[in-house]
Amino acid sequence: MKKIFYVFIALTLCVLSCYADKKEDKKNKESKTVIDNILSRVSVRQFTVQKVEQEKINIILKAAMAAPSGMNLQPWEILVVNDKNKLEAVAQAAPNAKYCTDSSLTIIVCGDTKTSEKLWIQDCCAVTENILLAAHSQGLGAVWCMCYPAQDKVADVQKIFNLPKHVIPLSIIPIGYPDRELEPKKKFNSDKIHINGWNN
């Protein structure tokens, strides 16, 4: 009877150990996937005519609003634009975002300065980065085009979409299926890392 009990204990421990190993492997794979996604992201400015599925757009929007936010005020307002006339108008207002005319959709990240007067820029930058990474993770391409602080662009985009004065468009992000594969730029530079102070 004792032998059976010890065999049972040994088998149980073996099963638990295998489960723990699998769980750790899964965690490591997920971690690797996140890092790979960050390191392989590229700015995409040219797109195919293929439409982005609503399911993928929903994931991008959920990822956007998972961004960190100072005091959790979440001062972002997000415009999703797929109307071709509106996209043309945005391209005219912000020529640096001309790529939106060929995109399946363009997301404009705006900050509500009434909600957070001091931190809306930082929070909306975090939202923008999440959008870029979420798009890339789903096989899509995107590019961050600046709107704020160019006051003429801000005013024109506010006018196109009838935005209140306290809602400031920060970034314009054309999104679609890339028309070609691009290699990520190598940006790591150890000279820009300083440990415990400024290293000359």
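Small disclaimer: the values here were computed from a predicted structure and weren't measured.
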Engineer: NZ of Lys185: more than 12 outside heavy atoms within 6.0 angstrom?
Structural biologist: no

Engineer: Closest heavy-atom contact between Pro178 and Thr48?
Structural biologist: O-CG2, 3.5 Å

Engineer: Working to the nearest 0.5 angstrom, can you tell me the gap between Leu73 CG and Lys114 NZ?
Structural biologist: 15.5 Å

Engineer: If only atom types and distance count, is the side chain of Ser116 paired as donor or acceptor with the main-chain N or O of Pro75 below 3.5 Å?
Structural biologist: no

Engineer: Can you tell me how far CG of Asn96 sits from SG of Cys147, rounded to the nearest 0.5 angstrom?
Structural biologist: 8.0 Å

Engineer: Looking at Glu53, I'd like to know if its CD atom is crowded, meaning that more than 12 non-hydrogen atoms belonging to other residues, nucleotides or ligands lie closer than 6.0 Å.
Structural biologist: yes

Engineer: Can you tell me how far the OG1 atom of Thr101 sits from the CZ atom of Phe47, to the nearest 0.5 Å?
Structural biologist: 9.5 Å

Engineer: Got a second to check how far Tyr148's OH is from Cys124's SG, nearest 0.5 Å?
Structural biologist: 11.0 Å

Engineer: Is a side-chain N or O of Asn130 found less than 3.5 angstrom from the main chain of Met65, in a donor-acceptor match?
Structural biologist: no

Engineer: Got a sec: does the NZ of Lys98 have more than 12 other heavy atoms crowding it under 6.0 Å?
Structural biologist: no

Engineer: With rounding to the nearest 0.5 angstrom, report the CH2 to OG1 distance, Trp144 to Thr128.
Structural biologist: 4.5 Å

Engineer: Check the surroundings of atom CD in Glu183: do more than 12 heavy atoms from other residues, nucleotides or ligands lie under 6.0 Å from it?
Structural biologist: no

Engineer: Quick one: does any side-chain atom of Gln158 pair with a main-chain N or O of Pro169 as donor and acceptor, under 3.5 Å?
Structural biologist: no

Engineer: Is there side-chain contact between Arg41 and Leu133, with heavy atoms separated by less than 4.5 Å?
Structural biologist: yes

